[in-house]
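These numbers come from the heavy atoms of this one structure, side chains and all, not from hydrogens, waters or symmetry mates. What you see is a predicted model, and the numbers here were worked out from it, not measured in a lab.
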Amino acid sequence: MNPFFFGRSQRPLFGIYHPPKSGAKPIGVVLCPPIGQEYMRTHRALRQLALQLNKAGVHALRFDYSGIGDSAGDNTDAALDTWIDDTRSAIDELKDTAGLRSVCLVGIRLGASVAYLAAMDRMDVDAVVLWDPVVNGRDYVAELLSLDAHGGAPAADASGAVGVAGGFALTPAFRQQIVAIDLMRTGAHPAKRLFAIASEERPEYLRLRDHLQSQPAFMGYAHIPSGGSWVDVEQMGAMLLPQAIIQHTVKSLA
């Protein structure tokens, strides 16, 4: 593992590059994390995914968005368009570091939506893996607020004050950006391959599957139970390490 900073000097991003140990293939994967308590729950899973990709000869890059983890900024300055730009910087960084012409993206929850949107206007993203993606931002915000209400955390409200949602500071402006997410209203995606992985068979995942299957790209869909739930308040903070999903992702990309 090689930790480093990249991106713009005024907003450096923290990344960890995982080079293949041997038998390197011309394949690179940028891993896009979720936010809040979901970030903490999946941190080990993303690290394990990067290591398994390395064993398969794949270059991998983990990184933190602006204002998250060890990247510059404060999470009260979070902006969806900034995170999309951060993801595009990570794509360029991995291509330059590993000498690749194109890369793949893997995102979890909100990170899956960010990955999907970041690749919309690029021709150098070969595949996008959407692991339990946020299909509709309004529904996602409602889930976060419901979790915090049941957990006793100070949730963001309609007054305009900064609140906490799913362990993440949610400003009114950022909340509006998330609410505006609707993957069902996006046009044809330029990636050659699209994969959706659902840890539970939600109606929105099935609708997204049907929407993506109507596009020119190859589309793969898999329902792989993870043994955990994103919307169970009793599981907030519990580590999520679904080996079956990790192995399926590696097999799909490598």
Assess whether atom CE of M40 is packed by more than 12 heavy atoms of other residues, nucleotides or ligands within 6.0 Å. no
With a 4.5 Å heavy-atom cut-off, do L94 and H59 have their side chains touching? yes
Considering only heavy atoms from C-beta outward, does the side chain of L145 approach that of R175 to under 4.5 Å? yes
Close side-chain approach of E93 to L13, heavy-atom, < 4.5 Å: no
Can you give each donor-acceptor pair under 3.5 Å made by side-chain atoms of residues 242-254, sequence neighbours left out, with the distance rounded to 0.1 Å?
residue: T249; atom: OG1; partner: I245; partner atom: O; Å: 2.9
residue: S252; atom: OG; partner: H248; partner atom: O; Å: 2.9

Of the options V103, V30, L61, which is the one that meets K95 in a side-chain contact (heavy atoms from CB on, under 4.5 Å)? V103
Please answer whether the main-chain N or O of A188 pairs with a side-chain N or O of Q215 as donor and acceptor at a distance below 3.5 Å. no
Side-chain contact test, heavy atoms from C-beta onward, threshold under 4.5 Å: evaluate it for L105 versus I91 and give yes or no. yes
Using side-chain contact (heavy atoms from CB on, under 4.5 Å) as the criterion, list what pairs up with H43, not counting sequence neighbours. Y39, R62
Looking at residues at least two apart in the chain, or sitting in another chain, which of them share a side-chain hydrogen bond (donor to acceptor under 3.5 Å, both in side chains) with E201? Y221
All side-chain hydrogen bond (donor to acceptor under 3.5 Å, both in side chains) counterparts of R8, not counting sequence neighbours: D85
Side-chain touch E38/W230, heavy atoms, less than 4.5 angstrom: yes
Residues in salt bridge (charged side-chain N to carboxylate O under 4.0 Å, His left out) contact with R88, at least two apart in sequence or another chain: D121
So, using side-chain hydrogen bond (donor to acceptor under 3.5 Å, both in side chains) as the criterion, who are the partners of R209 when residues are at least two apart? none
Aromatic ring centroids of F174 and W83 under 6.0 Å? yes
Less than 3.5 Å apart, which donor and acceptor atoms pair up between the side chains of residues 65-73 and the rest of the protein, not counting sequence neighbours?
residue: Y65; atom: OH; partner: P33; partner atom: O; Å: 2.8
residue: S66; atom: OG; partner: R11; partner atom: NE; Å: 2.8
residue: S66; atom: OG; partner: D86; partner atom: OD1; Å: 3.2
residue: S66; atom: OG; partner: D86; partner atom: OD2; Å: 2.8
residue: S71; atom: OG; partner: F14; partner atom: N; Å: 2.8
residue: S71; atom: OG; partner: D64; partner atom: O; Å: 2.6

What residues, two or more places apart in sequence or in another chain, satisfy ring pair (Phe, Tyr, Trp, His ring centres under 6.0 Å) together with F6? F4
Does a side chain donor of either D124 or S102 reach within less than 3.5 Å of an acceptor in the other side chain? no
For H223 versus P225, what's the shortest heavy-atom pair and its separation? O-CD, 3.8 Å
Taking every non-hydrogen atom, the tightest pair across G107 and A112: O-CB, 3.3 Å
Kindly indicate whether the side chain of V134, heavy atoms from C-beta on, has any atom under 4.5 Å from the side chain of V114. no
Kindly write out the residues that satisfy side-chain hydrogen bond (donor to acceptor under 3.5 Å, both in side chains) with R101, not counting sequence neighbours, or none if the list is empty. none
Check R193 against F195 and note the closest heavy-atom contact, atom names and distance. CB-CE1, 3.8 Å
Of all residues at least two apart in sequence or in a different chain, which pass the side-chain contact (heavy atoms from CB on, under 4.5 Å) check with A60? H18, A50, L53, N54
Can you see which heavy atom on P190 is nearest to which on M123, and at what distance? CB-SD, 3.8 Å
Under the side-chain contact (heavy atoms from CB on, under 4.5 Å) test, which residues partner D77, sequence neighbours left out? D74
Using every non-hydrogen atom in the two residues, find where E143 and R109 come nearest and quote the distance to one decimal. OE1-NH2, 3.2 Å
If you take all heavy atoms of W131 and A45, which pair is closest and at what distance? CH2-CB, 4.4 Å
Does any non-hydrogen side-chain atom of H189 lie less than 4.5 Å from one of V128? yes
Can you establish whether the number of heavy atoms outside R47 located under 6.0 Å from its atom CZ is more than 12? no
Considering only heavy atoms from C-beta outward, does the side chain of L46 approach that of I108 to under 4.5 Å? yes
Partners of P19 by side-chain contact (heavy atoms from CB on, under 4.5 Å), sequence neighbours excluded? N2, Y17
